Amino acid sequence: MTIETDYGTIEYEEENLITFSDGLFGFPNLKRYLFLALDENEDSMLLMVSVDESNVGFVLINPFILCPDYAPKLTPQELSCLGAEEIGELSCYSICVVNSDYLNNTVNLKCPIVVNPETRQGIQVILENSSYGCRHEFRSFFPAEDAAETQNRED
């Protein structure tokens with residue numbers, strides 16, 4: 001099968017899709033997504049494209065890259081929905097809002113995308129009773145001197 005995206009024509013097989021039975025927040029009717037690596041050698045950032053509506057896509061990041069002590073807690077019902085007994089069996093991603101200055105990018109740690117890589121089933125959850133927010137700026141994960149040094153290297 002193929003899908004036309006802003007990034008060109010992409011060929012995929014049905015078994016490559018991640019299915020969200022309930023859709024995502026704000027997109028309940030879009031249930032099938034293709035996860036594409038933005039860099040062939042790196043899977044810390046992905047593009048998640050809907051195959052039901054190819055102009056809908058999200059940039060995902062591995063939240064543990066930015067926040068090594070990130071500890072999402074899923075309910076027993078959420079784990080059951082994914083066919084898992086513990087979160088260690090699952091892959092976790094956060095949706096990013098991308099800006100021209102990457103330090104102004106934000107990441108949603110409160111509502112992660114959680115996927116069972118074995119069954120290719122996914123859900124988006126709201127982490128109740130957590131201190132995680134919906135709009136953590138990238139700059140909040142880097143000490144000020146590291147961010148300035150990175151910015152200087154880019155200039």
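Each residue takes its place number in the sequence, starting with 1. The structure displayed is predicted, hence computed values, not measured ones.
- With hydrogens and angles disregarded, no donor-acceptor distance shorter than 3.5 Å links the side chain of Asn108 to the backbone of Arg135.
- Less than 6.0 angstrom separates the ring centroid of Phe27 from the ring centroid of Phe58.
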Applying side-chain hydrogen bond (donor to acceptor under 3.5 Å, both in side chains) to Thr2 and Glu11, what does each step give before you reach the verdict? CA-CA 4 Å; Thr2 61; Glu11 291 188 34; over 6 Å; no
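- Here the side chain of Asn116 pairs no donor or acceptor atom with the backbone of Ala84 at under 3.5 angstrom.
- Of the possible polar contacts, none joining the Gln124 side chain to the Leu24 backbone as a donor-acceptor pair under 3.5 Å is found.
- No side-chain N or O of Glu137 forms a donor-acceptor pair with one of Thr106 less than 3.5 Å apart.
- Looking at Arg120, its side chain does come within 3.5 Å of a backbone N or O of Asn16 through a donor-acceptor pair.
- Checking side-chain atoms of Tyr70 against main-chain N and O of Ile65 turns up no donor-acceptor pair under 3.5 Å.
- More than 12 non-hydrogen atoms from other residues, nucleotides or ligands lie less than 6.0 angstrom from CD of Glu89.
- Proximity of a side-chain donor or acceptor of Ser94 to a complementary backbone N or O of Pro112 within less than 3.5 Å is not detected.
- A donor-acceptor pair under 3.5 Å is absent between the side-chain atoms of Arg32 and the main chain of Leu17, judged by distance alone.
- A donor-acceptor pair is defined here as one N or O able to donate and one able to accept, closer than 3.5 Å; such a pair exists between the side chain of Asn99 and the backbone of Asn104.
- Between Arg139 and Asp101, the shortest heavy-atom distance links the atoms NH2-OD2, 4.0 Å.
- Pro72 and Ile87 make their closest contact through O-CD1, 3.5 Å (heavy atoms, listed as atom of the first residue, atom of the second, distance).
- Taking the six-membered ring where tryptophan is involved, the planes of Phe20 and Phe35 are essentially parallel, since the angle between them stays under 30° and well short of 60°.
- Between Pro63 and Tyr93, the shortest heavy-atom contact is CD-CA, 3.8 Å.
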